Protein chains: 2
Amino acid sequence: MFDFDKLDKLIHERGRLGIMTLLATRASWPFQDLKAELKMSDGNLVTHLRTLHDAGHVAITKEVQNDRPQTSYALTAKGRAAFTEYLAVLESIVKAGRNE
Amino acid sequence: MFDFDKLDKLIHERGRLGIMTLLATRASWPFQDLKAELKMSDGNLVTHLRTLHDAGHVAITKEVQNDRPQTSYALTAKGRAAFTEYLAVLESIVKAGRNE
DNA sequence: ATCTAAACTTTGTCTTGCAAAGTTATACTT
DNA sequence: AAGTATAACTTTGCAAGACAAAGTTTAGAT
């Protein structure tokens with residue numbers, strides 16, 4: 001009936017789902033903005049981002065803005081594709097849950 | 001922007017999300033049917049069901065069908081409400097993820 | 001009494017999230 | 001150059017939780 005294995009575990013975890021959702025809404029997110037929005041500790045956030053990066057879902061850009069180092073994160077094409085697929089599963093769950 | 005804390009951890013975990021989704025589609029599910037559908041081990045399934053039961057989300061009914069003991073599970077009113085709320089969060093994520 | 005299947009419990013392992021503290025990197029100030 | 005400040009990252013350790021496997025209990029059938 002449902003293939004819950006399709007619920008990509010990498011994306012499904014709450015912290016990373018938050019990251020992926022935010023990244024999907026803008027072309028690029030500075031680390032500090034993600035941190036403020038998600039209220040995660042530095043270490044936790046960096047680790048999740050690295051996990052997503054290692055999976056090829058997130059691109060990392062380092063530059064200097066206003067005389068401060070700034071690292072920004074963005075979805076890769078692969079990341080966007082994976083997220084889109086993940087969202088399709090979510091949608092089918094929402095529909096099923098509402099008996100549609 | 002998003003309140004990811006609202007993503008009820010109890011429901012969000014893959015195994016239990018599967019259970020809740022199935023329970024939402026029918027009035028009642030026998031243990032064996034859940035097991036077949038979700039392909040979980042007895043122990044794992046029972047544990048998740050007990051967790052949901054302890055949270056007041058799932059009701060348990062024991063009877064005998066065809067000369068075999070049969071335990072059936074159903075959403076409680078509280079469980080349905082919690083799941084509905086959870087689905088609303090999912091839906092907002094889907095929308096955000098698609099830039100709607 | 002024994003068999004069988006359903007349902008449940010126990011046990012142990014392994015993963016993973018997470019925070020706290022420490023480290024490195026970069027740029028500014030004195 | 002030395003010190004300061006902030007960003008970003010790493011390390012460490014712990015705690016929670018998923019999960020499977022094996023063992024236990026229950027209840028009816030033979």
Side-chain angles (χ1 to χ4, degrees), chain A residues 2-23 28-55 57-74 82 86, chain B residues 2-23 28-55 57-74 82 86:
Chain A
F2 268 106
D3 196 357
F4 289 97
D5 293 339
K6 273 198 156 183
L7 261 193
D8 188 346
K9 232 182 154 180
L10 201 78
I11 299 177
H12 189 64
E13 193 278 325
R14 242 175 39 175
R16 288 190 296 269
L17 178 54
I19 293 173
M20 293 293 283
T21 304
L22 291 185
L23 292 187
S28 173
W29 281 76
F31 182 85
Q32 289 301 319
D33 291 4
L34 287 176
K35 183 179 157 190
E37 197 70 48
L38 296 167
K39 284 154 199 151
M40 290 187 200
S41 65
D42 283 29
N44 191 15
L45 182 50
V46 154
T47 302
H48 281 316
L49 285 166
R50 187 173 50 220
T51 300
L52 290 170
H53 173 70
D54 291 349
H57 289 171
V58 166
I60 304 180
T61 308
K62 304 194 182 210
E63 49 189 339
V64 174
Q65 285 285 338
N66 303 324
D67 299 327
R68 297 247 171 278
Q70 186 185 63
T71 305
S72 289
Y73 300 85
Y86 174 83
Chain B
F2 268 105
D3 196 357
F4 288 98
D5 292 340
K6 273 198 156 185
L7 261 194
D8 188 345
K9 231 182 155 182
L10 202 78
I11 299 177
H12 189 64
E13 192 278 325
R14 244 176 38 176
R16 289 189 297 269
L17 177 54
I19 293 172
M20 292 293 283
T21 305
L22 291 185
L23 291 187
S28 173
W29 280 77
F31 182 85
Q32 290 299 322
D33 292 4
L34 287 176
K35 184 179 157 190
E37 196 71 47
L38 296 168
K39 284 155 198 147
M40 289 187 201
S41 66
D42 283 30
N44 191 15
L45 182 51
V46 153
T47 303
H48 281 316
L49 285 166
R50 186 173 49 221
T51 300
L52 291 169
H53 173 68
D54 290 350
H57 289 171
V58 167
I60 304 180
T61 308
K62 306 195 183 208
E63 50 189 339
V64 175
Q65 285 285 337
N66 303 323
D67 299 327
R68 297 248 168 278
Q70 186 185 64
T71 306
S72 290
Y73 300 84
Y86 174 83

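Chain naming here is simple, since letters A, B, ... match the order of the sequence lines and numbering starts at 1 in each. Everything numeric here is computed off the predicted structure, so don't read it as measured data.
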task = Go through C/dA7, D/dA20, C/dC18 for me and flag the one nearest to the B/Phe31 side chain.
result = C/dA7
request  = Would you kindly give the CG-to-P distance between B/Leu45 and C/dT9, to the nearest whole Å?
outcome  = 13 Å
query = Can you tell me how far P of D/dC9 sits from CG of A/Leu34, to the nearest Å?
reply = 11 Å
remark   = Between A/Pro69 and B/Met40, whichever has its closest DNA chain D nucleotide further toward 5' is A/Pro69
remark   = Between CZ of A/Arg16 and C1' of C/dG17 the distance, given in whole Å, is 9 Å
message = Tell me whether A/His12 at atom NE2 has more than 12 heavy atoms from other residues, nucleotides or ligands lying less than 6.0 Å away.
response = yes
ask   = Does OP1 or OP2 of C/dA7 have a side-chain N or O of B/Gln70 closer than 4.0 Å?
value = no
message = Counting only side-chain heavy atoms from C-beta out, which of D/dA18, D/dA7, C/dA6 sits nearest to B/Asn44?
response = D/dA18
message = Closest approach to the side chain of A/Ser41, judged atom by atom: which nucleotide of D/dC19, C/dG17, C/dA19 is it?
response = C/dA19
inquiry  = Between B/Tyr73 and C/dC8, is there a contact of a side-chain N or O with OP1 or OP2 at under 4.0 Å?
reply    = yes
task = Examine C/dC8: is either OP1 or OP2 under 4.0 Å from a nitrogen or oxygen in the side chain of B/Lys62? Give yes or no.
result = yes
key: Closest to the A/Arg50 side chain, choosing from C/dA6, C/dC18, D/dT10   = D/dT10
query = For A/His48 and C/dC18, is the shortest distance between a side-chain N/O and OP1 or OP2 below 4.0 Å?
reply = yes
task = Grab the CG-C1' distance between A/Asp42 and D/dT6 for me, whole Å please.
result = 11 Å
request  = Send over the distance from B/Lys39 NZ to D/dC19 P, rounded to a whole Å.
outcome  = 15 Å
ask   = Looking at D/dA8, C/dG17, D/dT6, which one has an atom nearest to any side-chain atom of A/Thr71?
value = D/dA8
